[in-house]
Amino acid sequence: MIKTFTRHVTNATIHEQDYAVLSQLSGNQRSSIYYSDNISLLYDSKADIIVSSNEIPASETYTFTLSLNVICNTDGSIRWMQPVENKHADFLNFYAELSTKAKLFGNITRTLFKLGVFKFHFKRVINIASKSPLYINELLNELSPSRWSLFTGTVGVNRKLVVYAAKETGDDGFLKIPLNESAKRLTFNEKLIADELSKLKTNYSAFVSAKTIGSNVYLSNVKKPKSTRSLVFGQLHYKAIKEWYTLTKRSIPVKSSTEIEKAKNQLSAFQPEKNLLFSALQSYSSNVLNSFRPNETLVTAFAHKDFTPWNIFINEDKLGIYDVEMSNFETPILFDIFHFQVQKAIMIDNFSTEQTSLLLEDYCKNVKIRDLSEQYNIDPKRYYSLYLALSCSYYLNVYSQQEKLHQQAQRLLQFWLYELSKTAVNIDKTDREAYVIYLQAALQNSPVALIKNPGKEVSNLTMSSDIDLAVKKNQMEALVSLATDHNLIERFKCTERSYMQTIELYFKDGGFLRLDFLHSLKIGIRKVIEFDKLIDKRVPSPYGFDVLHPFDQIKYLLAFYFLNGAKMPEKYIMRYQEIDLQMNGELLEEVNRVFVTKMRHWTSINNHKRAFLLYFNREHIRLSVRKPFDFLRRLISVPFDIIAEKGVVISFSGVDGAGKSTVLYTIKDELETLYRKQVVVLRHRPSIFPILSAIANGKEKAELKAASTLPRQGTNTNYFSSLARFAYYLTDFLIGQWIVYFKYTLRGKVVLFDRYYFDFIVDGRRSNIHLPSAFTKSFLPLISKPDFNAYLYASPEMIRARKQELEIDTISQLDAHYKSLFGNLHTQQPERFQIVENDKLALTLSTILKQIRTKL
């Protein structure tokens with residue numbers, strides 16, 4: 001048994017992720033070392049090995065000692081090591097000097113080393129002493145390098161140490177030391193692939209040579225003198241890959257593809273464990289792979305599969321290819337070309353998901369891609385989707401096993417999600433459902449929360465349901481950008497208010513979704529809730545998004561409904577009644593304590609409205625006193641919030657019996673239920689003035705009489721009387737159109753006119769006016785034109801069958817005049833004026849709603 005005691009180390013921090021690294025260096029001495037991520041180091045004075053940042057005690061005698069200069073990652077873990085006697089910047093052999101910043105770092109480092117200045121980089125020293133042979137010494141004896149340095153590897157399931165060995169002969173090489181079984185499989189595969197590649201006679205690429213040293217692989221022929229790297233996929237890259245295709249190309253049925261079969265098996269075995277992002281990627285990738293039919297021809301060839309700027313050297317007229325551990329001879333073609341562009345865009349250029357997507361979309365049309373696609377008779381977009389699915393199927397398993405993903409991996413996952421969600425075919429889902437599933441996965445790691453408990457999975461909510469999300473104010477812009485950029489979206493509209501952003505999404509299949517991103521709750525000048533701190537208390541839910549804490553949810557509901565003068569809806573009362581009994585009691589107790597009420601059951605919540613209002617008013621006053629400038633901003637923002645969303649005006653014209661009223665009220669219901677719009681219906685004109693008969697009979701009797709009187713029954717034929725009557729209605733239009741604008745349109749409401757000014761031009765007799773149509777038409781330029789105007793018509797026989805008020809000849813005559821007027825207006829403004837045949841109601845509604853959607 002090893003006895004240990006604690007020795008405090010003040011000038012270094014040893015991290016747990018470095019444990020495997022140092023234990024591997026010392027062979028099988030793992031049981032002799034123990035340390036954690038603090039600065040305490042436990043060791044035994046009689047142990048086989050000591051690892052310390054202090055000098056090894058002189059009183060002790062050790063057979064093997066090693067002192068290493070250390071360069072660390074930003075989190076303090078070890079990244080590079082090399083012996084203190086090595087005065088060269090050999091660790092730069094693990095560093096890809098691609099960007100301007102990286103090249104500057106490399107040049108400065110080499111200069112400092114030539115000047116003998118090392119401490120600028122090496123701020124730590126690790127001393128290792130052992131009474132047993134060190135494993136690293138055994139390996140170095142085998143390699144006999146003149147100098148060496150070590151890279152501790154990328155954290156993850158495939159972690160490997162890499163030793164750079166400089167030789168006197170100039171034939172430098174790299175030794176890969178796998179740290180687990182997965183890494184061993186990869187290094188073994190690299191040896192096999194390197195052996196196979198050595199048999200290829202290539203003019204444009206030189207492959208790495210490999211030999212085994214124990215369970216490790218030594219790679220040479222990697223970096224020739226004066227080798228460089230390039231960020232550009234140039235002509236040499238293209239020639240090399242094209243040559244690989246010529247030498248190794250095969251056409252096989254999809255069912256015979258080991259790559260696709262392996263990917264499918266990886267995806268089916270993968271367990272996302274409630275990780276929505278991983279689950280969505282699993283589903284999308286499987287969808288893409290299954291879209292390739294079993295007997296469909298697949299063109300495959302050798303692919304490096306990690307073909308990136310940092311894995312390639314340019315050695316004069318050849319590409320120096322190394323890190324072939326993931327390579328395969330039956331990979332769908334174009335894989336490496338797509339991989340190069342994606343990895344460069346995300347890892348080096350730091351492109352956003354949207355920028356990378358646009359880059360790849362354009363790249364599919366690139367002349368190199370086009371030539372290869374024509375040569376091998378393939379669709380580059382389909383092979384791009386295959387590249388995404390195959391990459392995802394492998395890395396999902398890798399990334400899911402890492403405790404913490406680095407930022408670039410997170411960005412790569414988001415890119416895959418974005419691209420695969422566009423590529424995958426959603427056979428059994430509407431665009432809205434597919435989009436919500438994508439959004440849930442995309443926002444999984446973002447600080448957002450559902451404000452209200454929906455009671456069901458969000459993607460399964462009814463088409464008329466909104467999604468209300470609490471967000472942090474400083475993340476609003478990024479979230480809006482993410483939410484509005486997706487290929488399923490035909491059009492979107494953003495409305496910004498001082499406390500929220502509303503996003504209306506119109507999908508390509510006709511679906512609709514309204515997203516409300518709120519950073520606070522503000523009603524009028526009263527701000528009573530800020531979500532920034534509440535989001536940090538959000539709780540997981542089975543609904544696809546995290547939700548606010550139940551108390552914060554009910555606080556929001558109380559404020560929203562009571563401050564708007566409404567009651568708490570029954571559906572929410574029942575939902576709180578159904579909460580777990582213990583939690584229900586605790587929540588009720590908390591509500592009574594905070595709001596100073598004495599409720600025993602949620603059913604009495606509306607009876608305590610006064611107490612809740614008193615609390616919110618006090619909260620408003622308290623916040624206003626504490627933040628007077630915020631109060632002034634809220635005060636100023638009130639009118640801007642009211643007019644933030646502009647409404648639309650729509651008119652329906654047609655002969656009596658054409659079906660205007662049925663269409664109008666059906667569309668009214670659709671706008672109110674699906675699109676959540678406030679709708680106002682006006683008849684014929686703005687009606688700021690009463691109908692003329694109201695002057696003699698009173699408004700109520702006049703309207704009753706007008707409703708019961710058949711159209712076109714007026715007996716007025718006097719020119720001056722008609723002129724006076726027309727002047728009265730014209731004034732109503734000229735003034736009323738501004739009333740409608742300020743009262744309704746400017747406040748975001750939809751105004752539906754059952755008839756409009758066009759009736760005075762075509763059918764003045766209906767309003768008991770006998771004037772030339774040319775005269776009434778001359779005033780049309782003074783009248784505001786609705787955003788969309790539909791003229792509905794049907795055959796005279798169909799109209800006559802619906803209503804017997806008009807003769808067929810009259811119907812035909814009026815229809816001809818309407819069509820002539822609307823035909824001319826359509827020619828001038830085709831997006832505003834439409835002639836629609838209303839013989840099939842469903843088709844009529846579909847046609848008109850399609851036009852109205854573009855105006856909302």
Side-chain angles (χ1 to χ4, degrees), residues 449-455 466 468-471 473 497-500 502 516-535 537-538 547-579 583-644 676 678 747-749:
L450 282 170
I451 294 176
K452 295 173 286 189
N453 179 339
D466 300 341
D468 298 336
L469 291 169
V471 306
K473 189 174 183 180
R497 294 182 173 86
S498 61
Y499 58 98
M500 69 178 293
T502 295
D516 287 333
F517 288 164
L518 293 93
H519 56 77
S520 59
L521 176 61
K522 174 175 168 286
I523 298 174
I525 61 172
R526 292 176 289 196
K527 181 194 282 187
V528 291
I529 296 177
E530 291 181 332
F531 288 118
D532 274 34
K533 292 182 180 179
L534 302 187
I535 290 171
K537 298 189 298 176
R538 66 189 185 277
V547 297
L548 290 179
H549 186 277
F551 176 78
D552 296 327
Q553 286 183 51
I554 198 164
K555 183 178 179 181
Y556 170 86
L557 292 169
L558 291 167
F560 180 81
Y561 287 107
F562 290 158
L563 289 176
N564 276 307
K567 291 183 176 181
M568 176 77 79
E570 189 69 24
K571 65 178 180 179
Y572 292 118
I573 295 174
M574 294 305 297
R575 198 164 291 160
Y576 280 100
Q577 283 288 99
E578 295 167 1
I579 293 178
M583 186 178 179
N584 192 325
E586 292 172 356
L587 185 59
L588 194 60
E589 183 180 339
E590 181 70 2
V591 170
N592 283 331
R593 184 187 66 79
V594 172
F595 294 100
V596 194
T597 55
K598 295 182 180 180
M599 290 191 299
R600 294 185 177 180
H601 303 284
W602 294 108
T603 51
S604 64
I605 198 167
N606 286 314
N607 298 332
H608 294 80
K609 180 177 180 179
R610 184 175 178 182
F612 295 126
L613 288 175
L614 188 62
Y615 171 87
F616 290 122
N617 287 328
R618 283 200 308 265
E619 190 73 3
H620 159 64
I621 294 170
R622 184 179 67 82
L623 289 174
S624 300
V625 172
R626 284 180 56 195
K627 300 178 180 180
F629 291 106
D630 186 51
F631 172 73
L632 287 174
R633 282 194 295 268
R634 295 202 304 271
L635 189 63
I636 294 169
S637 69
V638 169
F640 295 99
D641 287 341
I642 292 173
I643 64 173
R676 312 304 292 264
Q678 289 183 283
R747 300 176 70 180
K749 298 182 180 180

* To do: Using modelled atom types only, decide if a donor and an acceptor are shared between the side chain of Lys522 and the backbone of Gly524 within a distance under 3.5 Å.
  => yes
* To do: Determine the minimum heavy-atom distance between Val471 and Asp532, stating which atoms define it.
  => O-OD1, 4.0 Å
* **Side chain Gln678, main chain Lys749, donor-acceptor under 3.5 Å** => no
* Asked: Nearest 0.5 Å, what's the CD1-NZ distance between Ile529 and Lys555?
  -> 5.5 Å
* Check: Phe640 and Ser498 side chains under 4.5 Å, non-hydrogen atoms -> no
* To do: Would you name the heavy atoms of Asn592 and Lys598 that are closest together and state the gap between them?
  => OD1-N, 3.6 Å
* For Lys571 and Met574, run side-chain contact (heavy atoms from CB on, under 4.5 Å): C-alpha distance rounded to whole Å, both residues' side-chain angles, the deciding distance at 0.1 Å, then the answer. => CA-CA 5 Å; Lys571 65 178 180 179; Met574 294 305 297; 5.9 Å; no
* Quick one: pull up NZ in Lys537 and CZ in Phe551 and give me the separation to the nearest 0.5 Å. => 7.5 Å
* Asked: Aromatic rings Phe562 and Phe612: how do their planes relate, parallel, tilted or perpendicular, breaks at 30° and 60°?
  -> parallel
* **Close side-chain approach of Leu450 and Asp468, heavy atoms under 4.5 Å** => no
* Show your working on side-chain contact (heavy atoms from CB on, under 4.5 Å) between Arg634 and Tyr499 and close with a plain yes or no. => CA-CA 9 Å; Arg634 295 202 304 271; Tyr499 58 98; over 6 Å; no
* With no hydrogens and no angle check, is any side-chain donor or acceptor of Asp516 less than 3.5 Å from a backbone partner on Met500? -> no
* Structure fact -> In short, Ile573 meets Asn606 closest at the heavy-atom pair CD1-ND2, 3.8 Å
* Which residues satisfy the salt bridge (charged side-chain N to carboxylate O under 4.0 Å, His left out) test with Lys567, sequence neighbours excluded? -> none
* Structure fact -> Closest heavy-atom pair, Leu521 versus Ala559, reported as atoms and distance to 0.1 Å, is CD2-CB, 3.5 Å
* Should Lys527 and Glu530 count as an ion pair when the cut-off is N to O under 4.0 Å? -> yes
* To do: Give a yes or no answer on whether the side chain of Gln553 reaches the backbone of Val547 with a donor-acceptor pair at less than 3.5 Å.
  => no
* Asked: Just wondering, do Ile605 and Tyr572 contact through their side chains at under 4.5 Å, heavy atoms?
  -> no
* Search all heavy atoms of Arg497 against all heavy atoms of Ala644 and return the closest pair with its distance. => CG-CB, 3.8 Å
* Backbone of Thr603 reached by a side-chain donor or acceptor of His601 within 3.5 Å -> no
* Atom OG1 of Thr597 and atom CG of Leu588: how far apart are they, to the nearest 0.5 Å? -> 7.5 Å
* What distance do Ile535 atom CD1 and Lys473 atom NZ have between them, rounded to the nearest 0.5 Å? -> 13.0 Å
* To do: For atom CD of Glu589, decide whether the heavy atoms of other residues, nucleotides or ligands shown that lie under 6.0 angstrom number more than 12.
  => no
* Which is it for Tyr615 and Leu558 under the side-chain contact (heavy atoms from CB on, under 4.5 Å) test, yes or no, and what are the steps along the way? -> CA-CA 11 Å; Tyr615 171 87; Leu558 291 167; over 6 Å; no
* Asked: Are Asn617 and Arg526 close enough that some pair of their side-chain heavy atoms sits under 4.5 Å apart?
  -> yes
* Structure fact -> When every non-hydrogen atom of Ile451 is compared with those of Leu548, the smallest separation belongs to CA-CD1, 3.9 Å
* To do: Check step by step if side-chain contact (heavy atoms from CB on, under 4.5 Å) holds for Leu534 and Phe531.
  => CA-CA 5 Å; Leu534 302 187; Phe531 288 118; 4.1 Å; yes
* **Pair Phe595 + Phe616: ring centers closer than 6.0 Å** => yes
* Asked: Just wondering, do Asn564 and Ile523 contact through their side chains at under 4.5 Å, heavy atoms?
  -> yes
* **Non-hydrogen side-chain atoms of Ile525 and His620 separated by less than 4.5 Å** => yes
